Amino acid sequence: FTTNSRTSYRGIMSFDLLNKLEHANSDIERSWLITEAYISNLPEQLSYAVFAVATPHWFNTAIIEHLLQIEHVLAEKIYADLQSLPIVEPLEPVGHALHDLTRSAILTKRVEADLETIRQESQRVLSYFQSQPNEQNEVEVIYHALWVDPTGNWHRFEDAMRNYRGKTH
């Protein structure tokens with residue numbers, strides 16, 4: 001094994017990817033490059049799901065069902081497949097989540113490329129969380145409402161902050 005030779009990476013990482021990583025300007029950009037390389041080797045349905053589950057903070061079968069607008073049985077399969085990926089971690093007791101840096105990288109690129117799709121996904125997830133009222137889901141309602149309509153829903157965030165401050169003082 002030689003540490004000073006790039007050829008030791010042959011078959012693991014392309015020279016192109018190594019070059020891009022060396023010239024990346026941030027952790028988010030480096031994470032995106034690695035994430036993109038990894039996701040590009042997944043089956044199409046699973047790679048699509050990875051991009052979609054970056055929209056909510058966390059996901060489970062029900063969220064995948066609403067997010068992707070698919071049947072429950074297929075959502076269960078996709079959820080099981082997602083759990084097997086190294087970029088997904090358990091988030092007890094609610095389900096699973098993408099690793100933070102991976103999620104941030106995906107969202108950053110998606111905002112640049114297709115903000116409207118994120119807003120549509122947020123609308124679907126917002127509807128789900130509104131139908132399941134509890135304290136945890138209220139946070140998600142506010143978050144996704146801001147994605148859907150940042151200006152029109154800012155009052156929800158302000159009201160929640162006032163309520164939170166009232167409870168903690």
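Note that the structure is a prediction, hence the values are computed from the model and not measured. The chain is numbered in sequence order, starting from 1.
- L21 and I28 fall into different hydrophobic clusters, where Ile, Leu, Val, Met, Phe, Trp and Tyr residues are linked whenever their side-chain heavy atoms come under 4.5 Å apart, directly or through other members.
- With S31 contributing its side chain and D27 its backbone, the two residues share no donor-acceptor pair below 3.5 Å.
- Residue G95 comes nearest to N60 through the heavy atom pair CA-CB, 4.4 Å, listed as atom of the first residue, atom of the second, then distance.
- Hydrophobic clustering of Ile, Leu, Val, Met, Phe, Trp and Tyr side chains at less than 4.5 Å, counting indirect connections, unites V53 with L46.
- Between F59 and L98, the shortest heavy-atom contact is CE2-N, 3.8 Å.
- Not a single donor-acceptor pair under 3.5 Å links the side chain of D149 to the backbone N or O of A145.
- Taking CG from L115 and CG from L107, the interatomic distance works out to 10.5 Å, rounded to the nearest 0.5 Å.
- Scanning all heavy atoms of the two residues, the minimum distance from W147 to S122 falls at CB-OG, 3.4 Å.
- The closest donor-acceptor contact from the side chain of R124 to the backbone of Q69 lies at 3.5 Å or more, if one exists at all.
- Residue T55 is tested with H144, E121, R119 for a side-chain hydrogen bond (donor to acceptor under 3.5 Å, both in side chains); the sole match is E121.
- The side-chain heavy atoms of Y38 and L85, taken from C-beta on, include a pair separated by under 4.5 Å.
- In this structure, R103 contributes its side chain and P56 its backbone to a donor-acceptor pair below 3.5 Å.
- One finds the CD1 atom of I34 at 7.0 Å from the CG atom of L17 (value rounded to the nearest 0.5 Å).
- Around CD of E116, the count of heavy atoms belonging to other residues, nucleotides or ligands within 6.0 Å exceeds 12.
- Using bins of under 30°, 30° to 60° and over 60° for the plane-to-plane angle, the ring pair H66/Y128 lands in the tilted bin.
- For CD of Q130, the number of neighbouring non-hydrogen atoms (other residues, nucleotides, ligands) closer than 6.0 Å is greater than 12.
- Note that CD of E89 and CD of Q83 are 12.5 Å apart. Values are rounded to the nearest 0.5 Å.
- Annotation: side chain of T117 is in contact with side chain of R110 (closest heavy-atom distance under 4.5 Å).
- With contacts defined as side-chain heavy-atom distances shorter than 4.5 Å, the pair D81/L42 does not qualify.
- Hydrophobic clustering of Ile, Leu, Val, Met, Phe, Trp and Tyr side chains at less than 4.5 Å, counting indirect connections, unites L68 with I87.
- V125 and V141 fall within a single hydrophobic cluster, where Ile, Leu, Val, Met, Phe, Trp and Tyr side chains are chained together by heavy-atom contacts under 4.5 Å.
- The nearest pair of heavy atoms linking A52 to L67 is O-CD2, 3.2 Å.
- For the pair I106 and I39, the minimum side-chain heavy-atom distance is below 4.5 Å.
- Considering only heavy atoms from C-beta on, F129 stays 4.5 Å or farther from V139 through its side chain.
- Counting heavy-atom neighbours within 6.0 Å of E71 CD, excluding the residue itself, gives a total of 12 or less.
- The shortest distance between side-chain heavy atoms of I78 and I70 falls below 4.5 Å.
- Hydrophobic clustering, with ILVMFWY side chains joined whenever heavy atoms are under 4.5 angstrom apart, groups V88 together with F51.
- Remark: D100 CG is loosely packed, at most 12 non-hydrogen atoms of other residues, nucleotides or ligands lying under 6.0 Å away.
- For the atom pair CG of N41 and CD of E36, the computed distance is 11.0 Å after rounding to the nearest 0.5 Å.
- Closest approach of I63 to W58, counting heavy atoms only: CD1-CZ3, 3.2 Å.
- Annotation for E76 and T61: closest pair CG-CG2, 3.5 Å, computed over non-hydrogen atoms.
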